[in-house]
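In listed order, ligands and their atoms are each counted from 1.
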Amino acid sequence: MVLVLDIVNMSQNIKIPVAAPKFLGNEIDYVTDCVKSTWISSQGEYVSRFEESFSKYCGVNHGVSTSSGTTALHLALATLDLKPDDEVIIPSFTMIATANSVSYTGAKPVLVDSEPKFWNIDVNKIEEKINKKTKVIMPVHTYGHPCDMDVIHKLAKDYGLYVIEDAAEAHGAEYKGKKTGSLSDIACFSFYANKIITTGEGGMLVTNNEELAKKSITLRAHSFSADMHFWHRHIGFGYRLSSLQAAVGLAQLENIEKFVNIRRNNAHLYSKLLGEIKGITLPPEAEWAKNVYWMYSILIEDNFGMDLDTFMSKLRDYGIDSRTFFYPIHIQPIYKDKYLNEIFPVANELSKKGINLPSGNNLEKKQIEYIVSCIKEIKTDNKK
Ligand SMILES: *Cc1c(COP(=O)(O)O)cnc(C)c1O
């Protein structure tokens, strides 16, 4: 039980961020070892160790590390030889990088609305967007909750399409007992500082397809030719991860189960405490899913009695940071003109109602209790 006086004291002293990385293992030792070895580029041994360990963790044969989650997505699409005029199906409700990675190839992001229950791409609205230009379906495991992949795979099989998981938010999540990353042709992860494990900046593409893995490795680093090194037959990229970053990643990976458990336990505590408050919709978890709650996300409904901006600014007064949900792709200044004739009511609603509360690996039980007591107080004060 947190007293009002404690709240006042705490709000002066603390600032609870939405996310911050936690280093509790070998990060410093591995980075030091890497520096001492002088092998700090992508040629250093930590890169292959990190790639092998992470792909094994996902239950997949090949890991190809990249400079970010965005470059992993672009590399995956480039590896599939996407051409201008091709189409890639993605949800409208996602982070901008999902759409941009498609645009980099010249192909068109084709948008599908979300479904209201789990906030992921509405698998029942994908088929109507498939035509002969469609090459890839790229679902996003939003905020750590996996998509309903069986339906997506059935469509991909029927129409001869590739499936790329954008798993940037879902390390360790499971669909019907199988880890995200192992569910499709290719999956892409991000290791940005706010993700479930981090390398500061970084990403990885994982796949069971040896041919795609080999091709992506060549494209990742300028497409040097095997027979004549400085001879280039394809436009490749400078998308490598450094061994320094991989050293951090390998140490983070050693604690990934701990981090996933922290997130799940924190989410369960939040949901238990917030459950009593009227006007808040809690984050979902399907019976076939293991949600890793990359973000602890809630919807502020009309009967909460306060608009989102006011609520967020009051949280800030208590020293609590929060984030709005993504603005959907179809309303973004850089994309909106392409989707004027389509409607995405669920994406609009999620974007209007959703906020992410502090969710990082560092978040502690007493901070969650404090956050919830502040939310209760904000609500009570509002009634006066
Ligand atoms: C974070 C994120 C990315 C991009 O990852 P970066 O490492 O920041 O480039 C891509 N897709 C989704 C869904 C993300 O959340």
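Defined by atom type and a distance below 3.5 Å, a donor-acceptor pair is missing between the side-chain atoms of Ser68 and Glu201.
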Listed pairs under 3.5 Å, donor-acceptor, residues 154-162 side chains, sequence neighbours left out:
from	atom 1	to	atom 2	distance (Å)
Lys154	NZ	Asp158	OD2	2.8
Tyr159	OH	Glu127	OE2	2.5

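Qualifying side-chain contact (heavy atoms from CB on, under 4.5 Å) partners for Val112, counting only residues two or more places apart in sequence or in other chains: Ile89, Ile121, Lys125, Ile126, Lys129. For Asp227, the side chain to side chain donor-acceptor pair (under 3.5 Å) partners two or more places apart in sequence, or in a different chain, are Arg233.
Using a distance-only test at 3.5 Å, with no hydrogens or angles considered, a donor-acceptor pair links the side chain of Lys215 to the main chain of Thr79. Judged purely by atom type and a 3.5 angstrom limit, Arg263 uses its side chain to pair as donor or acceptor with the backbone of Ser359.
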I'd like a table of the close N/O pairs between ligand 1 and the protein (anything under 3.5 Å), one pair per line with both atom names and the distance.
from	atom 1	to	atom 2	distance (Å)
ligand 1	5 (O)	Ser190	OG	3.2
ligand 1	7 (O)	Gly69	N	2.8
ligand 1	7 (O)	Ser190	OG	2.7
ligand 1	9 (O)	Gly69	N	3.3
ligand 1	9 (O)	Thr70	N	2.9
ligand 1	9 (O)	Thr70	OG1	2.5
ligand 1	11 (N)	Asp166	OD1	3.3
ligand 1	11 (N)	Asp166	OD2	2.9
ligand 1	15 (O)	Glu169	OE2	2.5
ligand 1	15 (O)	Lys195	NZ	3.1

